[in-house]
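Some notes on the structure that comes next.
What you see is a predicted model, and the numbers here were worked out from it, not measured in a lab. All values below come from the heavy atoms of this structure, side chains included, with hydrogens, waters and symmetry mates left out. By convention here, the first residue in the shown sequence is residue 1.
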Amino acid sequence: MFSGIKNPKGSRVILGVLSCIILLLLVSVSGCSSSVKDASTTAGSGAGQSKQVKLVISTAPSLKGSFDEIKTLYEAKNPQAALTFNYGPSGSLQSQIEQGADTDIYISQGKPQMDALEQKGLIQKDSRVNLLGDELVLIVNKDNTSIKSFEDLCKPEVKKIGIGEAKTVPAAKTTQETLESLKLWDKLKPKMVIGKDLMQIMAYVETGNADAGFVWDTIAITSDKVNVVATAPAAYHSPIVLPAAIVASSKNSEAAAKFLAYLQSDEAMKIFNKHGFVKGK
């Protein structure tokens with residue numbers, strides 16, 4: 001019945017109506033699409049609101065092997081955590097914290113350094129734990145066959161013995177206590193060469209710049225160029241403990257407490273044991 005319509009004006013009206021309908025449909029579809037996109041964006045931003053927390057752990061170099069493994073495991077299970085490790089002699093790290101360095105957790109290779117920070121109120125006292133234990137050992141170059149005991153250090157051919165800096169390296173105190181117990185300290189003191197840290201002492205022995213040296217067992221086992229010839233008897237020195245604590249100025253105490261708790265877990269302790277440490281007492 002419409003085939004006979006020849007009214008141009010009527011045709012324009014129909015076309016106009018159709019155009020309006022099509023335009024309204026396009027606007028409606030576009031609006032729905034925008035709403036879906038906005039909703040998706042909002043949902044995505046909500047999912048990303050879990051802010052990553054950066055934790056700075058200041059600790060002794062002897063723990064590097066353990067923490068290389070622990071970092072991978074912990075961050076995989078806790079993607080919101082980003083762990084950064086600051087390695088150095090315990091006394092130097094203590095000084096950094098005293099000067100306001102950005103640190104969340106401090107793990108000392110010796111008790112006196114942690115004691116000093118606690119006395120100054122620079123750690124959270126309730127968070128402090130004796131995390132690990134270690135042993136002091138006497139090392140020589142793997143080609144050295146003349147030194148097999150502490151007493152052999154008195155031989156005239158032994159010219160240089162590596163020992164840590166007394167003010168910053170806890171092993172230096174343990175070495176002195178051990179040698180004093182053996183009545184060897186005064187005899188050997190003239191032969192001693194000082195290293196800024198235990199890695200430097202081990203390097204002295206590896207390269208022949210020292211005939212022997214005193215380091216932690218956990219340092220010694222990282223080198224295939226030295227041999228351990230003697231271990232300091234526990235009765236000859238103060239207990240070797242590695243205390244750990246949350247630093248009082250930490251802005252991430254909750255995350256720090258969670259990581260410190262993990263370090264005491266069976267999973268973490270297996271890694272520490274593999275690298276020569278024992279559970280702290």
Side-chain angles (χ1 to χ4, degrees), residues 59-69 87-92 108-110 112 132-242 271-278:
T59 185
S62 59
L63 283 159
K64 188 177 186 306
S66 299
F67 279 135
D68 283 347
E69 293 187 43
Y87 296 104
S90 295
S92 298
S108 174
Q109 187 80 51
L132 301 166
D134 207 340
E135 290 183 309
L136 181 76
V137 296
L138 176 65
I139 59 171
V140 299
N141 187 284
K142 66 177 182 179
D143 297 325
N144 187 317
T145 58
S146 66
I147 302 174
K148 298 179 180 179
S149 68
F150 294 114
E151 288 74 13
D152 284 344
L153 296 175
C154 296
K155 291 180 177 180
E157 61 265 33
V158 177
K159 305 296 184 183
K160 295 179 180 180
I161 303 167
I163 184 174
E165 167 60 50
K167 292 182 179 180
T168 59
V169 181
K173 180 183 178 183
T174 305
T175 300
Q176 182 173 348
E177 289 177 349
T178 300
L179 294 179
E180 285 178 342
S181 296
L182 292 167
K183 310 299 182 186
L184 296 174
W185 175 253
D186 291 334
K187 294 178 183 178
L188 298 178
K189 194 173 180 180
K191 298 183 178 185
M192 292 180 181
V193 291
I194 308 301
K196 66 177 182 178
D197 57 36
L198 298 188
M199 297 304 292
Q200 186 174 65
I201 293 170
M202 189 160 70
Y204 287 164
V205 177
E206 289 176 336
T207 58
N209 288 311
D211 301 295
F214 289 91
V215 300
W216 301 126
D217 180 53
T218 47
I219 292 287
I221 64 176
T222 64
S223 174
D224 59 1
K225 298 178 181 179
V226 304
N227 289 330
V228 173
V229 294
T231 300
Y236 288 6
H237 57 75
S238 302
I240 302 171
V241 296
L242 282 76
I271 295 173
F272 288 132
N273 292 160
K274 185 174 73 173
H275 289 272
F277 291 99
V278 295

Exam field: side chain Gln109 to backbone Ala171, donor-acceptor pair closer than 3.5 Å: no
Side-chain donor-acceptor contact under 3.5 Å, Ser223 with Glu206: yes
Thr175 OG1 to Trp185 CH2 distance, which is reported to the nearest 0.5 Å: 7.5 Å
Short side-chain to backbone donor-acceptor contact, Asp211 and Lys160, under 3.5 Å: yes
Within-4.5 Å side-chain heavy-atom neighbours: His275 and Asp68: no
Exam field: side chain Ser62 to backbone Thr218, donor-acceptor pair closer than 3.5 Å: no
Spacing of NE2 belonging to His237 relative to CD belonging to Glu135, to within rounding of 0.5 Å: 7.5 Å
Lys173 side chain vs Gly110 backbone, donor-acceptor pair below 3.5 Å: no
Ile240/Trp216 under side chain to side chain contact (heavy atoms under 4.5 Å, CB included): CA gap, chis, key distance, verdict: CA-CA 10 Å; Ile240 302 171; Trp216 301 126; 3.3 Å; yes
Asp134 side chain to Phe277 backbone, donor-acceptor under 3.5 Å: no
Between CG on residue Leu136 and CD1 on residue Ile219, distance to nearest 0.5 Å: 11.5 Å
Evaluation steps, side chain to side chain contact (heavy atoms under 4.5 Å, CB included), between Val158 and Ile147: CA-CA 9 Å; Val158 177; Ile147 302 174; 3.7 Å; yes
